[in-house]
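Notes to accompany the following structure.
Computed from a predicted structure; not experimentally measured. Along the sequence shown, residues are numbered consecutively beginning with 1.
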Amino acid sequence: MKKLLVLVCIGFSVYTQAQKLNPKPFAKEITAQGLKEQLYIIAGPEMEGRGTATEGERRAAAYIQSQFEKAGVLPGFNGSYQMPFPVYVDSLIRMSLAVNGKSFVPGKDIEGNISALHTASYRFSEVVFAGFGVSNQTRDDYKDLDVKGKLVLVLSASLAKDLPEEQRSKINLFMQQDAAERRGAAALLVVDTKIKDVPATGNMYANPYKTNYRINTFIVSEAVGNAIAGGPLTVGEPQILTAKLDLDFLKQPVELKSYNVLGLVEGSDLKDEYVVLTAHYDHMGAKDGKIWFGADDDGSGTVTVIEIAKAFAKAKAAGKGPRRTILFMTVSGEERGLWGSAYYGENPVYPLEKTTVNLNIDMIGRIDPDRAKKDSMNYVYIVGDDKLSSDLKPISEDINKKYTKLGLDYKFNDPQDPMRIYYRSDHYNFAKHGVPIIFYFSGLHPDYHQPTDTPDKINYPLMHKRALLVYYTAWEMANRDEMLKRDIPLN
């Protein structure tokens with residue numbers, strides 16, 4: 001009987017303590033000045049635009065980790081702060097072309113999209129010339145041609161000056177590829193007036209088992225076309241050209257590493273349930289001497305996660321920490337296709353069925369130029385709160401009414417939203433696994449995905465107010481008695 005009484009008292013004590021937890025004292029850790037100082041570092045030149053799997057990204061990850069460590073936020077990935085995930089890039093080994101024994105030079109006479117091409121070696125003794133490679137209702141350059149298993153040669157739109165504008169405007173590489181593919185051609189050569197340099201690597205990708213659907217297509221110079229034809233190419237009747245052609249393309253996938261950064265503030269009586277705060281810290285990187293700073297996208301979300309983590313760590317140190325465990329995760333690869341959050345969604349460190357909510361922050365530092373209301377500055381877009389849990393929206397609105405009094409704009413909850421904002425940030429990789437989410441967003445602007453997205457253009461007082469809304473909402477989610485209901489079917 002005494003033992004039971006002790007347990008009841010302990011349970012009542014924990015419950016009473018939870019009821020008395022006050023978030024306001026620790027909200028003081030989050031300031032506009034603190035956010036500004038953090039953002040000038042995260043979106044500074046030394047981070048080189050934080051491109052996925054680059055040195056700039058690694059510097060940013062190290063900085064975020066240092067801020068977690070300094071605040072007393074625990075490592076969130078098996079004793080480490082950084083969760084690696086693989087990404088890949090194709091490295092060019094060889095691209096070569098010879099016609100009747102004469103070799104041609106890549107970047108001068110032949111080019112190809114390394115990412116779109118697949119490794120292959122070809123030997124042909126004849127080539128099918130199909131004019132401009134057009135096959136539609138107005139023109140069929142493949143009429144009476146059998147090109148199955150053969151090499152097809154066509155002219156690009158740049159050489160179609162004699163065609164009517166209506167026909168010339170419809171000639172493009174994708175249409176030419178489609179026509180050759182549908183007829184079973186082995187490969188396609190497109191003669192063009194300009195040949196670009198061939199890069200050493202292709203585009204980065206996350207899935208090493210991706211399928212190449214397009215026919216191997218190479219852009220070649222007029223000199224190559226003339227060598228195959230034995231003279232200038234002219235469009236007339238389809239031709240079977242006799243030429244010995246040796247064509248080789250070889251690439252090798254290279255595995256790189258990118259990193260999500262995970263920090264943890266452990267809960268108390270509900271520590272086996274989780275609240276996850278996310279923002280992506282990667283951006284577009286640097287190119288041709290220009291840095292894409294990514295201050296709003298998504299330096300603003302990244303530093304907000306850091307500052308909120310500091311506030312919760314302070315509460316924990318004061319003995320007033322959250323009941324549920326809070327995971328603070330800045331992810332990479334978002335700009336490439338939500339890669340880091342997708343990797344976490346497929347390899348969760350903490351059970352998704354025990355994750356009550358994901359609060360995702362992506363761009364909360366600016367004003368949407370499309371907003372023309374008088375109170376246009378006092379707002380934030382709330383996205384996804386109506387999708388998976390009927391608990392979520394009332395709680396969010398109550399928290400805002402009590403603490404921050406922002407205008408909550410739900411325009412991007414519209415299923416007919418032409419911009420499809422709901423699908424375009426890291427919360428989606430939680431939502432598709434059934435985890436209720438809120439995505440905090442302030443809208444696009446002319447500096448979106450431009451080098452001009454710099455920290456001097458951020459509205460720090462407003463960003464601070466939005467950050468506080470996320471903080472207070474996270475506090476409520478971490479301390480309420482029950483996990484959020486999951487009572488709205490995933491569409």
In the structure I gave you, are the side-chain heavy atoms of [X] and [Y] within less than 4.5 Å of one another anywhere?
| X | Y | value |
| --- | --- | --- |
| Ile438 | Lys393 | no |
| Tyr471 | Ile30 | yes |
| Phe218 | Leu117 | yes |
| Leu97 | Ser103 | no |
| Met95 | Glu111 | no |
| Met83 | Val349 | yes |

Between [X] (side chain) and [Y] (backbone), is there a donor-acceptor pair under 3.5 Å?
| X | Y | result |
| --- | --- | --- |
| Arg94 | Lys251 | no |
| Thr355 | Pro351 | yes |
| Tyr440 | Ala467 | no |
| Ser341 | Asn429 | no |
| Lys316 | Glu266 | yes |
| Arg420 | Pro415 | no |
| Ser389 | Asp391 | yes |
| Asn358 | Ile437 | no |
| Asn260 | Gln82 | no |
| Arg168 | Leu159 | no |

Are Glu29 and Lys310 within salt-bridge range, i.e. N to O under 4.0 Å? no
Asp272 bridged to Arg324 by N-O distance under 4.0 Å: no
If you draw a 6.0 Å radius around [atom1] in [X], do more than 12 non-hydrogen atoms from other residues or ligands fall strictly inside?
| X | atom1 | answer |
| --- | --- | --- |
| Lys314 | NZ | no |
| Lys290 | NZ | no |
| Lys432 | NZ | yes |
| Lys457 | NZ | yes |

Please name all residues satisfying side chain to side chain contact (heavy atoms under 4.5 Å, CB included) with Val147, sequence neighbours left out, ordered by chain then number. Val128, Tyr142, Leu145, Val152, Arg183, Ala185
Identify, with sequence neighbours excluded, every residue that meets salt bridge (Lys or Arg N to Asp or Glu O under 4.0 Å) alongside [X].
| X | answer |
| --- | --- |
| Arg366 | Asp447 |
| Asp414 | none |
| Glu346 | none |
| Asp386 | none |

Would you say the side-chain atoms of [X] and [Y] include a donor-acceptor pair closer than 3.5 Å?
| X | Y | answer |
| --- | --- | --- |
| Gln38 | Gln67 | yes |
| Asp192 | Ser158 | yes |
| Asp456 | Thr454 | yes |
| Glu57 | Thr52 | no |
| Asp426 | Thr278 | no |
| Thr330 | Thr302 | no |
| Thr217 | Gln177 | yes |

For Asn413 and Lys387: C-alpha separation, side-chain torsions, deciding distance, then whether side-chain contact (heavy atoms from CB on, under 4.5 Å) applies. CA-CA 8 Å; Asn413 275 342; Lys387 298 290 188 283; 3.5 Å; yes
Would Met47 and Ile41 satisfy side-chain contact (heavy atoms from CB on, under 4.5 Å), going step by step from the backbone distance to the final call? CA-CA 8 Å; Met47 300 302 181; Ile41 295 171; 4.0 Å; yes
Give the minimum heavy-atom separation between [X] and [Y], together with the two atoms involved.
| X | Y | result |
| --- | --- | --- |
| Phe439 | Ser425 | CZ-CB, 3.9 Å |
| Ile364 | Ser442 | CA-OG, 3.4 Å |
| Tyr81 | Gly263 | CD2-CA, 4.5 Å |
| Ser91 | Val254 | CB-CG2, 3.9 Å |
| Asn216 | Ala120 | ND2-CB, 3.8 Å |
| Lys411 | Asp409 | N-OD1, 3.0 Å |

Evaluate side-chain contact (heavy atoms from CB on, under 4.5 Å) for Asp109 paired with Val220, printing each intermediate quantity in order. CA-CA 5 Å; Asp109 293 301; Val220 297; over 6 Å; no
Angle class for the Phe328/Phe312 ring planes (parallel below 30°, perpendicular above 60°, tilted otherwise)? tilted
For Thr304, all residues meeting side-chain hydrogen bond (donor to acceptor under 3.5 Å, both in side chains), sequence neighbours excluded: none
Those residues at least two apart in sequence (or on a different chain) that pass side-chain hydrogen bond (donor to acceptor under 3.5 Å, both in side chains) with Glu48 are Arg59
Any pair with a residue in residues 196-209 that passes side-chain hydrogen bond (donor to acceptor under 3.5 Å, both in side chains), sequence neighbours left out, goes on the list, sorted by first then second residue, please. Asp90-Tyr205
Please list all pairs passing the side-chain hydrogen bond (donor to acceptor under 3.5 Å, both in side chains) test where one or both residues lie in residues 291-300, with sequence neighbours left out. His280-Asp297, Asp296-Ser300, Asp296-His445, Asp297-His449
Return each pair, listed once, that meets ring pair (Phe, Tyr, Trp, His ring centres under 6.0 Å) where at least one residue sits in residues 35-76; pairs must be two or more places apart or across chains. none
Could I get the full list of ring-ring contact (aromatic ring centres under 6.0 Å, His included) partners for Tyr379, not counting sequence neighbours? Tyr381
Could I get the full list of ring-ring contact (aromatic ring centres under 6.0 Å, His included) partners for Tyr274, not counting sequence neighbours? Tyr350
To the nearest 0.5 Å, tell me how far Leu264 CG sits from Met329 CE. 11.5 Å
Given side-chain contact (heavy atoms from CB on, under 4.5 Å), test Ser332 with Trp339 step by step and report yes or no. CA-CA 7 Å; Ser332 190; Trp339 290 351; over 6 Å; no
Could you walk me through whether His427 and Tyr422 satisfy the ring pair (Phe, Tyr, Trp, His ring centres under 6.0 Å) test, starting with their C-alpha distance in whole Å, then the side-chain angles of each, then the deciding distance to 0.1 Å, before giving a yes or no? CA-CA 8 Å; His427 60 278; Tyr422 174 70; 5.6 Å; yes
